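By convention in this document, chain letters (A, B, ...) are assigned in the order of the sequence lines, proteins followed by strands, and residues within each chain are numbered from 1. Bear in mind that the values here come from a model prediction, so they are computed numbers and not experimental data. All heavy atoms count here, side chains included; hydrogens, waters and symmetry mates do not.
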Amino acid sequence: MYALVDVNNFYVSCEKIFNPKLEGKPVIILSNNDGCIISRSDEAKALGLKMAEPAFNKKQYLKENNVQVFSSNYALYGDISNRIIQVLKSFSPRIEIYSIDESFLELSDSEFVDLGKLGNEIKKRIQRYIGVHVSVGIGKTKALAKIANKIAKKEKQYNGVCILNSNRDIDCALRNTSIEDVWGIGRQYQKFLKYNEIFTAHDFLTINDNWIRKNLTVVSLRLKKELQGTSCIPLETILPAKKAIATTRGFGKIVTNVKHLKEAVSTYATRCSEKLRRQNSVANILTVFIHTDPFSNDKYHYLSKTIHLEVSTNSQMELVKFALKGLKKIYRNDLRYKKAGVIVSGLESANNIQKGLFNDTDIKADKLLSEATDYINRKYGRDKIKLAIQGDGKEWKLKQEMLSGKYTTQWSDIIKIKN
DNA sequence: TCTGGGGTCCTAGGACCC
DNA sequence: TCTGGGGTCCTAGGACCC
């Protein structure tokens, strides 16, 4: 059996831990640049605020209803997430960290025989140790655990814990689950399936395997098996190394000056190099892109350049150099830019780098330099040591007008809370 | 007039997830 | 004025090989 444990309204719940006055109030968290609504308290949901809704056209409504609004504070959410995972590990060593607020547990080795007791204990312990509410769904496969979790969250009488074990319960759950609520069925498939008169998870099980294989993909066929109770999406207990790493941001305001684009792009390349080193990878492909505002009336322009590197690297110097080279190729001085990004791919282990025959880059020196800057920046804060070209970000950095404190990760904010 | 069979690798695009 | 960011996987089609 698998359990899916998922934090209710995760980002909002994190803010509430350190700001108890938010309890009972409508609270929302905005995406980067304070753009869209990405987390809502129950009270905010009741006001009809929708997920992913742009916040700017709701400004008046938010004010009238006294909605508490926050910029997203990923340093805080990431730290709370890690603490929750530590608690979950006390229930089962077989754990898959599926996202920042969701984990799958395999329960075969659990000391609890009674699954209901287990679910309640998970909920209780996380509430007590961390201070957030979770929902627990338990089922024979990961897809069924997902469905159970959805029911636990939606139907009040379950009190946050739902177990799908007997055939009767599973059948009933599948009949009551709309096709769009099934894990792995997105917007397009939903439309297509409904057009073919498949409206519920139960309907989905009645269709022929070949039809699914032909009209959808093998992924959806796997999903069907999972819903039938045959586990075929394995638990991934080891976090697989990433195959691509991206750092992309919209700007706080429109950028026209190439100097500011250079600052942003070199900063994003720097972030990519840090992320590469963190997972001990090097990259041999780098893509840089810039684009104009897709929502403006002007013609939309997306410019990008992909560079294949002769020697794989995770060096800040190297990646910044190539990113700027790419930027130079695509930059046009007649456009108004809204966003830029750097993506590195072709990732491999940093332990065995294939050197170029005619390449004289001093890999060793680069490595020593990176280790030193990583150490200093970890200890004293991001970008304490940086390249001059990164600039100060004044002209392009994110808008984060309603950011809460780094209550658990920054000393000055920890002191604030203690007082 | 007639023109095989069996592969691999790469890429772009489209679907999905949180 | 103001609309997020970061990933994965699959498939079809084109190029190549013998």
Base, sugar-phosphate or nothing for [X]? Non-hydrogen atoms, less than 4.0 Å.
| X | value |
| --- | --- |
| Lys253(A) | nothing |
| Arg271(A) | nothing |
| Asn33(A) | nothing |
| Leu30(A) | nothing |

| salt bridge (charged side-chain N to carboxylate O under 4.0 Å, His left out) partners of residues 333-346 of chain A, not counting sequence neighbours, each pair once |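 Salt bridge (charged side-chain N to carboxylate O under 4.0 Å, His left out) check on residues 333-346 of chain A returns Arg332(A)-Asp334(A).
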| request: Using a cut-off of strictly less than 4.0 Å between a heavy atom of the residue and any atom of DNA chain B, enumerate the qualifying residues of residues 67-81 of chain A by number. | output: none
| note | Whole-Å distance, Tyr268(A) OH to dG5(C) P, equals 8 Å
| message | Just to be sure I understand the geometry, which residues of residues 47-59 of chain A put a non-hydrogen atom under 4.0 Å away from DNA chain C? | response | Pro54(A), Phe56(A)
Indicate whether the side chain of [X] and that of [Y] have a donor and an acceptor atom separated by less than 3.5 Å.
| X | Y | value |
| --- | --- | --- |
| Gln228(A) | Thr230(A) | no |
| Thr270(A) | Gln316(A) | yes |
| Asn73(A) | Ser71(A) | no |
| Lys123(A) | Asn159(A) | no |

| Lys243(A) side chain N/O closer than 4.0 Å to the phosphate oxygens (OP1, OP2) of dC9(C)? |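 For Lys243(A), the contact criterion (side-chain N or O under 4.0 Å from OP1 or OP2 of dC9(C)) is met.
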| Should Thr248(A) be listed as having a side-chain N or O under 4.0 Å from OP1 or OP2 of dG6(C)? | yes
| message | I want to verify a distance call: between dT3(C), dG6(C), dG5(C), whose nearest atom is closest to the Ala246(A) side chain? | response |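 Of the options given, the side chain of Ala246(A) lies nearest dG6(C).
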| query | Which of the following nucleotides, dG7(C), dC2(C), dG4(C), is nearest to the side chain of Cys36(A)? | reply |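 My answer, after comparing the listed nucleotides, is dG4(C).
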| said: So does Lys399(A) get a backbone contact from the side chain of Asn33(A), meaning a donor-acceptor N/O pair under 3.5 Å? | reply: yes
| note | Contacts of Lys259(A) meeting salt bridge (charged side-chain N to carboxylate O under 4.0 Å, His left out) (sequence neighbours excluded), chain-then-number -> Glu263(A)
Report each atom pair, protein N/O against N/O of nucleotides 10-18 of chain B, whose distance is under 3.5 angstrom.
residue : atom : partner   : partner atom : Å
dC16(B) : OP1  : Gly186(A) : N            : 3.0
dC16(B) : OP1  : Gly186(A) : O            : 3.1
dC16(B) : OP1  : Arg187(A) : N            : 3.4
dC16(B) : OP1  : Gln188(A) : N            : 3.2
dC16(B) : OP1  : Tyr189(A) : N            : 2.8
dC16(B) : OP2  : Gln188(A) : N            : 3.3
dC17(B) : OP1  : Gly184(A) : N            : 3.0
dC17(B) : OP1  : Ile185(A) : N            : 3.4
dC17(B) : OP1  : Ile185(A) : O            : 3.3
dC18(B) : OP1  : Lys146(A) : NZ           : 2.7
dC18(B) : O3'  : Asp101(A) : OD1          : 3.4
dC18(B) : O3'  : Glu102(A) : OE2          : 3.0

| 5'-to-3' dot-bracket of DNA chain C (Watson-Crick, G-U; under 3.5 angstrom; crossing pairs as [ ]; | other strand) | ....||||||||||||||
